[in-house]
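Since the structure comes first, as structure tokens, the remarks are kept for the end.
Everything numeric in this text was worked out from a predicted model, so none of it was measured. Residue numbers begin at 1 in each chain, while the letters A, B, ... track the order of the sequences.
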2 protein chains.
Amino acid sequence: MHGQRVTINPLVSCGECPACKRGQENLCPHRQIISMPPREGAFADYVTMPERNLVAVPDDVALETAALAEPLAVSWHAVRLGMAALGDSPANRALVIGGGAIGVAAALALRAFGVHDVMVLEPNPLRLAYLRDRTDLAVGLPEAAGRDYDITVDAVGYDATRASASDATRPGGAIVHVGLGGGAAGLDIRRLTLQEITFIGTYTYTMQDFRDTCAAIFDGRLGPLDWIETRPLADGAAAFADIRAGRTAAPKIILKP
Amino acid sequence: MHGQRVTINPLVSCGECPACKRGQENLCPHRQIISMPPREGAFADYVTMPERNLVAVPDDVALETAALAEPLAVSWHAVRLGMAALGDSPANRALVIGGGAIGVAAALALRAFGVHDVMVLEPNPLRLAYLRDRTDLAVGLPEAAGRDYDITVDAVGYDATRASASDATRPGGAIVHVGLGGGAAGLDIRRLTLQEITFIGTYTYTMQDFRDTCAAIFDGRLGPLDWIETRPLADGAAAFADIRAGRTAAPKIILKP
């Protein structure tokens, strides 16, 4: 693929274990992710990756857009598992907790999977205003959650968001937990049991999810994907500081060399 | 069905709500269970039940055996949901936490669903010895749990058993939570997320599960079902006291008028 414009699946798996052989590369016990040891350095000028992890980007798709493939694939995978958990039971209404890149991407993936009544909750007023301005998603403060959702995606993963998800999901529904915020509490175990709510832990994506997500990016099924802010790579440290301090409006910042 | 020997599905649902219409009677918002208000009195000489809740018992099946249909159906349903959650991923090894009627029935249901490597954990030495003596199940103390199970059935539902289930289930596996012991802690949320373990709350059974369970009882797929103790109904209060005090060896006591 010499000289081609590509986007990179950063999850490298062994290809030989039972999980890899059944297409669940994200459960490979030897999985590695670019940016974490032993594959640090995703902001380097050059990185080495197995060729099977590269997806060619069509000429009419901007690299800034293609660079969103990773978070979009995380959410695509999470939504796919949630839809599978519902089986034949209806999936018409969904709640997404968190308006970061994973949450927004989950809302877009839900639409691509045919769920059109999607509500996104975001506590940061700066982010909320940005999402209202730049996307056509229904967004609101956490207090606006409502109830009786078929699927709830917790794209945050704190005790408080798990508690909200437990309350907002209908009997027989699914909570998809993709956040790693922290804590181990929040789930209403009694309600989950008495009302048969399934809690699905999800992490990254399979190789096929990544390719499916790229296809959906390229053919427009995930929308214009213009809810990003671009900054010079040299300002990267400040960008991370802004994210941690809640000073960034856009759900994703793209750093350009 | 006048004069017929029957076993009773004690879950009465409305038959008209969306959950009932899609065959998930156990999620009916109007569900009632015999023995709880407004249908108290399961030990009465006569009870009224909708005819659709009755299943005729073949002449060669003892009523003591047919009376096990309810707990067996709870476990059948739980195992069915757990198997469905695994999808195409393998289900060869299962762990059952708790050697009461629900736990033993889950182990038998797992076998009926084709999972033959099943381990049952039980802390009460009296119960453990009884199960070793009267069944061919692999049973052990909680310390013998082991790891890497495809499915774990938590038939107890306390913080400690959820913690054990979190630890014992393999990446991509399923925890089926059928116990209502109490508490809201124990789940290793971080492991469930990073290793994509699904936690399934389950409660009772659908009408079809109940009928399928009866069929499996009648044709012997759930084994001889002789792990019961029979006592006179007049001694019922003492039986409940013995159960609470951990003094009963058999997982189920049948009270006979």
Applying ring-ring contact (aromatic ring centres under 6.0 Å, His included), which residue pairs with at least one partner in residues 10-30 of chain A are found, sequence neighbours left out? none
Pick one of side chain, backbone, both or neither for A/Leu194, based on which atoms fall under 4.5 Å of a heavy atom in chain B. both
Filtered by a 4.5 Å non-hydrogen cutoff, the part of residues 149-168 of chain B contacting chain A is B/Arg162
Determine, stepwise, if the pair A/His77 / B/Glu196 fulfils side-chain contact (heavy atoms from CB on, under 4.5 Å). CA-CA 11 Å; A/His77 173 74; B/Glu196 292 211 335; 2.5 Å; yes
Taking the side chain as every heavy atom from C-beta outward, state whether B/Thr193 and A/Thr202 have any pair of such atoms under 4.5 Å apart. no
Residues, nucleotides or ligands: over 12 heavy atoms within 6.0 Å of B/Met49 CE: yes
Heavy atoms only, distances under 4.5 angstrom: which of B/Val178, B/Leu27, B/Leu81, B/Asn26 has the most pairs with chain A? Name it, please. B/Leu27
Using the rule given for side-chain contact (heavy atoms from CB on, under 4.5 Å), can you reason through B/Ile34 versus B/Val12, listing the C-alpha separation, both sets of side-chain angles and the distance that settles it, and then say yes or no? CA-CA 8 Å; B/Ile34 194 172; B/Val12 179; over 6 Å; no
Proximal component of A/Gln24, with respect to chain B [non-hydrogen, under 4.5 Å]: side chain
Quick one: does A/Trp227's side chain get under 4.5 Å of A/Val104's, heavy atoms only? yes
Ranked by heavy-atom pairs below 4.5 Å to chain B, first place among A/Gly181, A/Pro90, A/Gly186, A/Gly23 goes to A/Pro90
Tell me which of these, A/Pro29, A/Ser89, A/Ala174, A/Gly182, has more heavy-atom pairs under 4.5 Å with chain B than the rest. A/Ser89
Side-chain donor or acceptor of B/Asp117 paired with backbone N/O of B/Asn92 under 3.5 Å: no
Highest number of heavy-atom pairs under 4.5 Å with chain A among B/Ile175, B/Thr204, B/Ile197 belongs to B/Ile197
Check whether A/Arg191 gets within reach of chain B through its side chain, its backbone, both or neither, counting any heavy atom under 4.5 Å. neither
Using the side-chain contact (heavy atoms from CB on, under 4.5 Å) rule, take A/Trp76 and A/Phe113 through it: C-alpha gap first, then chi angles, then the decisive distance, then the call. CA-CA 9 Å; A/Trp76 181 279; A/Phe113 276 81; 3.7 Å; yes
Contact origin within B/Asp188 toward chain A - heavy atom pairs under 4.5 Å: neither
What part of A/Ala85 is in contact with chain B, defined as an atom under 4.5 angstrom from a non-hydrogen atom: side chain, backbone, both or neither? neither
Between B/Arg93 and B/Asp148, is a side-chain contact (heavy atoms from CB on, under 4.5 Å) present by the stated rule, with each step listed? CA-CA 8 Å; B/Arg93 294 182 69 231; B/Asp148 222 27; 3.9 Å; yes
Side-chain donor-acceptor pair under 3.5 Å between A/Glu25 and A/Tyr205, yes or no? no
Ion pair A/Arg80/A/Asp209, N-O distance below 4.0 Å: yes
Could you check which of B/Arg190, B/His177, B/Arg170 has the highest count of heavy-atom pairs closer than 4.5 Å to chain A? B/His177
